[in-house]
Amino acid sequence: MNRELAKQYDPKEVEDRIYQMWLDGNYFHAKCDPEKKTFTIVIPPPNITGQLHMGHALDETLQDILIRFKRMQGYDTLWLPGTDHASIATEAKIVEAMRKEGVTKEDIGRDGFLERAWDWKAKYGGRIIEQLKKLGSSCDWERERFTLDDGCSKAVREVFVNLYEKGLIYRGERIINWCPHCCTSISDAEVEYEEQQGHFWHLRYPFKDGSGYLELATTRPETLLGDTAVAVNPNDERYKDIVGKTLILPIVHREIPVVADDYVEMDFGTGVVKITPAHDPNDFEVGLRHNLEVINVLTDDAKIVADYPKYAGMDRYEARKAIVADLEAEGALVKIEDYSHNVGTCYRCGTTVEPRVSKQWFVSMKPLAGPAIDAVKDGRTKFVPQRFEKIYFHWLENIRDWCISRQLWWGHRIPAWYCADCGEITVSREDAHVCAHCGSKNITQDPDTLDTWFSSALWPFSTLGWPEETEDFKHFYPTNTLVTGYDIIPFWVMRMMFSGLEQTGQVPFDTVLIHGLVRDSQGRKMSKSLGNGIDPLEVIDQYGADALRFSLATGNSPGNDMRYINERVEASRNFANKMWNAARFILMNLKSDEVLPLKPENFALEDKWILSQFNTLAAGVTENLERYELGLAVQKLYDFIWDVFCDWYIEICKSRLNGEDETAADTARAVLTHVFTGTLALMHPFMPYITEEIWQSMPHCGEALVVAEWPTYTEAFNFTAEEGEFEKIMAVIKAVRNRRAEMNVPASKKAKVCIASATPETFRAGAAYICRLASATEVEVGDDFDADGAVRIVTDAATVFIPMKELVDAEKELERLNKELEAANNDKAFIEKKLSNENFVSKAPAAVVDQQRQNLAKVCDKIALLENSIAEMEKLK
RNA sequence: GGAGGCUUAGCUCAGCUGGUCAGAGUGCCUGCUUCACACGCAGGAGGUCGCGCGUUCGAGCCGCGCAGUCUCCACCA
C-alpha cells in the first residue's frame, strides 16, 4: 500500500534523490531522433568566475520550464549546457588571487598562467554545474560544453579565418578603450559611463607671434602633453582670423596650429578645444581630418611616458596635479571650475578607461549588421516582448567596428603569425610554422587573445559540432528559444545573430525571450559592494528549489525587473505544502496503487464540473506556455489547485469517500486521481521536484512524470452545462456561509437548510455536500416552506431558508432583503440601459450582447425571488 | 540630447487581441483543535486603476499632453 507521507513537505529529503532518479533514467538526454520535431535551447553559459546568482536562477528557471514543457509534449528536446571562460573576468580573478600570494603573471609566464587558469576552470566550472543541477535544470549533461574546449576553439579559428579571408577582420591602428588596470583593450560595449565630480581647468595658450592668448577649457589637463592642435568652429566669427595661426603649447613649448573643425560647438565653453588625438576618440577623428601628429603620452598602466622626464612614471592623476601646478607657475592657468561629467569605466573592474591609439584586430561591422537587422525585421527571429527589438536595432544601426583583440592570456589566441623576414601576416586554421608569403620559418604568433564574446557569439552552433556537419548540428540547428536578460542584448544576442547568419546562413534561434533583472526588496540592483545579494542556494536550502522557481516564474511580466521578496518564497513554499497535503489526502483514501478507470456513467455532477474545469485549465496553460506567458500559466495552476481542487473538489469528495456507496467512492477516487495527476503534469515544468515525487507515489502509468504525456483538452470531458448547474450549488453554499458568519454562528452550530428552486434536482444532487460545506444537518429541497422564523437567503437560482428562530429578527431580515433588492434593481437598470442603447446592440459583438442578456435574466430571476421573499415576510409580520 | 519601462488595495505585483477586470500574494480584522494541510479553513474591510484631454456604443487596457520614477543609449572638450 502507499507509503505514509509526512505532514509537511521536506524538499531536502526529496530533491537530490529525484534529481538522481532523472539522471539514472537518462531523461534529459536528447536522442537526436530524426523522426521527431526538435526543441532546442542553448544555455547562456555562466562565467566560470564565481557562483550562481539570482539572475542565473531566473534565467535557468525560465529555460527549464520551456524545456520540460516541450519534452512532455513529445519533442526531441535538447537543453545544451556549458560554461564560458570569461577571459577578462577570469583572468582578473586569477591575477588577484596570485597577487595575494605575491606572484605576478610575468613571474610564472604564459604557460604557467594557463595551467592555473585551467585549474580554476576545473574547480569553479564544476561548481557552477553543480549549482545548475540544484535548481533542477534538465540539461543534457552528456553534451556539456566550454567556450574554450577543442570544438569551440576550432569553430573560433574557422570563423576568424573566414572573416579574415573575406576582408571582414583586419588589423589596424585605431583609438580604442584601454583599461589600465586589466591592461587590455576593451570593446565599446564593455565601457560603462558614470557621472563623476570633476573640474574644468581654464587654460590659455599663447600665440607664437606674441599677439596674445587663446583661452580654452579642459577636464583633463594632463593630456596637454599630447596636444597637437587647438580647434575652433569654422563658422565662429570670434576666431575667424586666428585659424591657421600657431600657438605655443604651455609647459611643453611645442608649436601647434589652430585648426577649424565642425566638431567644435561654438556655444560650449570658450568655443576652443585642445586636440589630443592619442587620448580622445573625437580628437582622434579631428586629427585624421587635419593630418595631425598622434603623440601618445601614457604607458599601458596609464603613467606618463619617458619622453617627458619631469612627469615620467607618474600616474594620470599625479601627473594632473603636477601639470596644473606647473601651468599655474607659468601663468597659463586662468581658473578652475567644478564640473560634473560622465567618465567611461571598465565594466569588469570599474577603472576609468583610457582612450588610446593602439594596433588591434577589428571586425568590420557594417556588412554583418545588415543581415542581422533584416532577420528581425522580417520576423525570422522574434523578440519577446517585442519592444526589445528597439535596443537591438539601435545597436546594430549605430555600430562601429568591433575591437576583438585583448592583451590577455586566458582565451583563444589570435591565429595570426607575423613574419620577421617579409613582415607579412599569416592567418591560418592550423598552427602556422612557416610564413605563407615568403616561406620563412621566422614567424611568431600574435600574443593576444580574442574578446570572450567572440566565442560566445558562436555558441548556438559551435556547441553542436559546427563547422563539422554533425548529426547534432543538422538535427538541432537552428535552435528555438534563447533566454536572456535585456542587459546582454548588445554583448551577445546581437553578435550571435550576425555570426549565425554569416557562418551558417540561418538565424541561430527563432525567439529571444527577454527577462529583467532580479533586484533586492527595495528595488536596488543586487551587488557585491552593496552586500545585498541573495544566494539562490541558501534560498533552496531553506525553502526548496520548487519554491524558488515558483517565485521567480510568477508575479512578473516578461522583460520587467522584479524584486526578490522573501515573503513570496514563503508563500510559494506554502503552496508546495498545499499540493503535498492534497496528495496525502488522496493517498490515504485510495485502496491500491492501481490506476482506477474513469467511468463516465458514474460521474456525479461535481465530477463533471472538475473534469470540465481541468479541461479549461489544460487548454489555458498550454496556450499561455506557447505564448511565453509563463506568469499567467502558473497563476492559473495556483488558482486551480488551491481554490478549485483543494477548497472545493476535495471537500466535496469527502462525503462520498466516507459514505456507504462503494461505486460512488471509487468514482471519486478515480476522478480525484485523474485530475490531480493531470494537474501535477501541468505543474511539473514549474515545480519539477515535488510534482515528480508526488506523481511517483500516486497510481500512474509510465516511468516518470518528467517524460509523461502533457495533458490536453479532451472534448469528452467538456461539461459546460453541468458546470453551470454546479455553480448554482456553490453559490448557495457561499451565501449560507456568508450569512452565518454575519450572524456570528459558529460552524459547530449546525442547522437544517431548506431550498426552494426552479431546478430542485440540482440541489438534491448536491445535498450531501451542502450539508458538509454549509454546516447543515440536513437539506430539504421543495417549493413550500414555513418561512416563519427562518433566515432567508436569496441567490440567482434559489431561495434558502434556515430555521434558526432565535437568530431571526424580522425587521432586520426585511431591511436586508430590501437592500439586496435595491442593489439587484440597480444592476438591472444598468444592464437594461446598456441593452436599450441601439449603438451597443448593433455594434458590440453578438457574444457580448448575449452575455448581457443572460446577466439580465439572472438578475430578473433574483429580483423575483427577493420580491417574493419580501412579500412573505411582510405577511408574517 | 535620444529611446524605453513603470505609476492598479498598507506592501510586492498580475491584468492576454478594449466588453463580469476591478484581481492575486502578503499584511490587517472576525470566527474556527471541520477526520490533507495553522506552511491551514471560513468570512470580511481596503483601490474615482498617477493627472488631464481625446477615440469608441464601451477604456487600467488605444491616442495625445502633463507629472513623478527607474533604466538604457549617446556624450560637449
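So you know, we letter chains A, B, ... as the sequences are listed, proteins then strands, and number each from 1. Worth saying up front: this structure is predicted, and the values here are computed from it rather than measured. Values below: all heavy atoms of this structure, side chains included; hydrogens, waters and symmetry mates excluded.
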Worksheet item: Side-chain contact, heavy-atom cut-off 4.5 Å: H279(A) with T276(A)?
Response: yes
Worksheet item: To the nearest Å, how far apart are F830(A) CZ and G58(B) P?
Response: 12 Å
Item to complete: Take the protein atom CZ of R584(A) and the nucleotide atom C1' of G40(B), then report the distance between them rounded to whole Å.
Response: 12 Å
Worksheet item: What is the minimum heavy-atom distance between D647(A) and E651(A), and which atoms define it?
Response: O-CG, 3.3 Å
Discussion item. Would the base of A42(B) count as contacting E651(A) through its side chain, where contact means a donor and an acceptor less than 3.5 Å apart?
Written reply: no
Worksheet entry | Ionic contact status for R627(A) with E629(A), cut-off 4.0 Å | yes
Worksheet item: Does D236(A) come within less than 4.0 Å of R238(A), counting only side-chain N to carboxylate O?
Response: yes
Discussion item. At 4.0 Å (heavy atoms only), tell me whether K390(A) reaches a base, stays on the sugar-phosphate, or touches nothing.
Written reply: sugar-phosphate
Item to complete: State the syn/anti category of G46(B) according to its glycosidic angle, syn meaning within 90° of 0.
Response: syn
Discussion item. Taking A14(B) as the reference, what is the distance to G25(B) when you measure between their P atoms (whole Å, please)?
Written reply: 16 Å
Worksheet item: Between the base of C37(B) and the side chain of K7(A), is there any donor-acceptor pair under 3.5 Å?
Response: no
Worksheet item: Looking for any heavy atom pair under 4.0 Å, which part of the strands does K834(A) touch: base, sugar-phosphate only, or nothing?
Response: nothing
Fill in: Sidechain-backbone polar pair: R656(A) side chain, A665(A) backbone, donor-acceptor under 3.5 Å
no
Worksheet item: Which value, rounded to the nearest 0.5 Å, describes the distance between K274(A) atom NZ and L203(A) atom CG?
Response: 8.0 Å
Practice prompt. Would you mind reading off the distance between Y769(A) atom OH and C35(B) atom C1', rounded to a whole angstrom?
Written response: 21 Å
Discussion item. At 4.0 Å (heavy atoms only), tell me whether R740(A) reaches a base, stays on the sugar-phosphate, or touches nothing.
Written reply: nothing
Worksheet item: So, D280(A) side chain and D283(A) main chain: donor-acceptor pair closer than 3.5 Å or not?
Response: yes
Discussion item. Across nucleotides 69-77 of chain B, 5' to 3', mark each nucleotide with B, S or - according to how protein heavy atoms within less than 4.0 Å reach it.
Written reply: --S-SBBBB
Practice prompt. With sequence neighbours left out, write down each residue that passes side-chain contact (heavy atoms from CB on, under 4.5 Å) with R400(A), or none if nothing qualifies.
Written response: D188(A)
Discussion item. Give me the distance, rounded to whole Å, that separates U7(B) from U17(B) when you measure between the P atoms they each carry.
Written reply: 15 Å
Worksheet entry | W201(A) six-ring face occupied by R220(A) cation (under 6.0 Å, within 45°) | no
Practice prompt. Return the nearest nucleotide to the side chain of K578(A); candidates are G40(B), G43(B), C57(B).
Written response: G40(B)
Worksheet item: Stem ranges for RNA chain B, with three or more consecutive Watson-Crick or G-U pairs under 3.5 Å?
Response: B:1-7 with B:67-73, B:10-13 with B:23-26, B:28-32 with B:40-44, B:50-54 with B:62-66
Practice prompt. For G60(B) and C49(B), measure between their C1' atoms and round to the nearest Å.
Written response: 5 Å
Worksheet entry | Side-chain donor or acceptor of R740(A) paired with backbone N/O of K749(A) under 3.5 Å | yes
Response to the item:
N581(A) has its side chain closest, among C16(B), C37(B), A3(B), to C37(B)
Worksheet item: Is a side-chain donor or acceptor of S527(A) paired with a backbone partner of L530(A) at a separation under 3.5 angstrom?
Response: yes
Item to complete: Output the distance between atom OG (S775(A)) and atom CD1 (I770(A)), rounded to the nearest 0.5 Å.
Response: 12.5 Å
Worksheet item: Which part of the nucleic acid, if any, lies within reach of L773(A) when heavy atoms closer than 4.0 Å are counted: base, sugar-phosphate only, or nothing?
Response: nothing
Item to complete: Report which part of the nucleic acid E742(A) touches: base, sugar-phosphate, or nothing (heavy-atom distance under 4.0 Å, all strands).
Response: nothing
Discussion item. Just confirming the chi classification of G52(B), syn or anti, using 90° around 0 as the syn window.
Written reply: anti
Discussion item. Closer than 4.0 angstrom, basic N to acidic O: yes or no for K390(A) and E397(A)?
Written reply: no
Worksheet item: When the C1' atoms of C13(B) and C29(B) are considered, how many whole Å apart are they?
Response: 23 Å
Response to the item:
The salt bridge (Lys or Arg N to Asp or Glu O under 4.0 Å) partners of K862(A) (sequence neighbours excluded) come to none
Discussion item. I'd like the P distance from G4(B) over to G46(B), given in whole Å.
Written reply: 39 Å
Discussion item. If you assign A844(A) and W648(A) each to the RNA chain B nucleotide with the nearest heavy atom, which residue ends up on the more 5' nucleotide?
Written reply: A844(A)
Worksheet item: If you measure from the C1' atom in U69(B) to the same atom in C51(B), how many Å do you get, rounded?
Response: 15 Å
Worksheet entry | Spacing between E629(A) atom CD and U17(B) atom C1', to the nearest angstrom | 11 Å
Discussion item. Rounded to whole Å, please give me the gap between CG in L630(A) and P in A14(B).
Written reply: 14 Å
Worksheet item: What integer number of Å spans the C1' atoms of A36(B) and A45(B)?
Response: 30 Å
Practice prompt. May I have the distance from W580(A) (atom CH2) to C37(B) (atom C1'), rounded to whole angstrom?
Written response: 12 Å
Restricting both atoms to N or O, compile the protein contacts to nucleotides 21-32 of chain B shorter than 3.5 Å, with distance only.
| from | atom 1 | to | atom 2 | distance (Å) |
| --- | --- | --- | --- | --- |
| A24(B) | O2' | Q635(A) | NE2 | 3.4 |

Worksheet item: Heavy atoms, side chains only, cut-off 4.5 Å: are I641(A) and F575(A) in contact?
Response: yes
Worksheet item: Under 4.0 Å between a Lys/Arg side-chain N and an Asp/Glu carboxylate O for R289(A) and D261(A)?
Response: yes
Item to complete: Can you tell me the distance, in whole Å, between the CD1 atom of I565(A) and the P atom of C13(B)?
Response: 6 Å
Fill in: Whole angstrom value for the distance that separates P of C57(B) from CG of L835(A)
17 Å
Worksheet entry | Inter-nucleotide P distance (G47(B), A9(B)), Å rounded | 10 Å
All N/O pairs under 3.5 Å across the protein-nucleotides 6-9 of chain B interface:
none

Discussion item. If you assign R563(A) and K636(A) each to the RNA chain B nucleotide with the nearest heavy atom, which residue ends up on the more 5' nucleotide?
Written reply: R563(A)
